[in-house]
Protein chains: 2
Amino acid sequence: MWHDVSLAMVHDNSHDLTVRQMTILLSIYLEPPPHTVRGLAAKLRVTKPVITRALDTMGIKGLVSRRRDERDRRNVVIQKTLEGSLYLEKIGDLIIEMARELPR
Amino acid sequence: MWHDVSLAMVHDNSHDLTVRQMTILLSIYLEPPPHTVRGLAAKLRVTKPVITRALDTMGIKGLVSRRRDERDRRNVVIQKTLEGSLYLEKIGDLIIEMARELPR
DNA sequence: TTTAATTGATACGGTTGCGAAACAAATCGG
DNA sequence: CCGATTTGTTTCGCAACCGTATCAATTAAA
């Protein structure tokens, strides 16, 4: 199943994200907000620039957006987007479809 | 579940493969041999250099090996290795473990 | 045998991601 | 107010990957 889904992702190729980027995206959309750079860095155990750069590229693709936290303006809160939701929904459907076809 | 497994892969970090490389590796180990460069390129719908380069890097990591086909010496057949088998087995266990913890 | 086709590898220029370090802005603590 | 801390970003040099085009070796075809 992992093979089939990965293969479909390679075929799709619309947003080709790295495993790290995909993991960041899933964290943002599946775990309860708010999400910050340092929080994601800690969860994935990577450095902060990794998060910043991933947010840059995913921001250009429209998959996430950023906003300053007005209560503590050092913080940046990461927000979901419609396009990101649609993209992950598509991947979710893909996984479900592949799982359904498993030989059980 | 996809999230959890990806997160574990990022944490592990022993061989950090791209999605393409992982898909190539899974194809080699899960689909019936023989595997050739052009065959994998066709299956993944990528160009041949992509396969060659992926085999280079995965070969260095010891995950696959290559051998000339003696019947048609233009061909290269890709072979599994012990280390590659162990690596994929570890990932398989990871997936099973994560799936077991699903809320059903 | 000589030409054409097939197969995998390589060269090239460009893009992207990386870790470490330095940085600017904001907040905290005395 | 002023130095220390926290937070996210940027810079630097470097390595890896990409697609296109080309190459060398091998086989098939004429």
Whole Å only: how far is the [atom1] atom of [X] from the [atom2] atom of [N]?
| X | N | atom1 | atom2 | answer |
| --- | --- | --- | --- | --- |
| His35(B) | dG8(C) | NE2 | P | 13 Å |
| Leu40(A) | dT7(D) | CG | C1' | 13 Å |
| Arg68(A) | dT27(C) | CZ | C1' | 13 Å |
| Ile60(A) | dT16(C) | CD1 | P | 8 Å |
| Arg73(B) | dA25(D) | CZ | P | 12 Å |
| Lys48(B) | dA24(D) | NZ | P | 15 Å |
| Asp56(A) | dT15(C) | CG | P | 17 Å |
| Asp69(A) | dA26(C) | CG | C1' | 11 Å |

For the side chain of [X] and the backbone of [Y], is there at least one donor-acceptor N/O pair under 3.5 Å apart?
| X | Y | value |
| --- | --- | --- |
| Arg68(B) | Arg73(B) | yes |
| Thr36(B) | Asn75(B) | no |
| His11(A) | Lys43(B) | yes |

Practice problem: Answer with base, sugar-phosphate or nothing: what part of the nucleic acid does Thr47(A) contact at a heavy-atom distance below 4.0 Å? | Solution: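 Thr47(A): backbone/sugar contact only, no base atoms under 4.0 Å.
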Exercise. Answer yes when Asp93(B) and Arg100(B) have at least one side-chain N-carboxylate O distance shorter than 4.0 Å, and no when they do not.
Key: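 Arg100(B) and Asp93(B): not salt-bridged.
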Quiz item: Between the base of dG19(D) and the side chain of Arg53(B), is there any donor-acceptor pair under 3.5 Å?
Solution: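 Check passes, donor-acceptor contact within cut-off.
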Self-check item: Whichever of Glu70(A) and Thr18(A) has its nearest DNA chain C nucleotide further upstream toward 5'
Solution: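 Final value for this comparison: Thr18(A).
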Between [options], spot the one nearest the side chain of [X], thanks.
| X | options | value |
| --- | --- | --- |
| Val50(A) | dA5(C), dT6(D), dC18(C) | dC18(C) |
| Arg74(B) | dA9(C), dT26(D), dA26(C) | dT26(D) |
| Pro49(B) | dT10(C), dA21(C), dT7(D) | dT10(C) |
| Arg20(B) | dG19(D), dA9(C), dT27(C) | dG19(D) |

Is there a side-chain contact between [X] and the phosphate of [N], meaning an N or O under 4.0 Å from OP1 or OP2?
| X | N | value |
| --- | --- | --- |
| Arg66(A) | dG8(D) | no |
| Asn75(B) | dG8(C) | yes |
| Thr52(A) | dT9(D) | yes |
| Gln21(B) | dC17(D) | yes |

Exercise. Between Thr36(A) and Asp16(A), name the one whose nearest nucleotide on DNA chain D is closer to the 5' end.
Key: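 Final value for this comparison: Thr36(A).
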Quiz item: For the residue pair Trp2(B) and Trp2(A), does the interplanar ring angle fall in the parallel (under 30°), tilted (30 to 60°) or perpendicular (over 60°) class?
Solution: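 Answer is parallel, since the angle falls under 30°.
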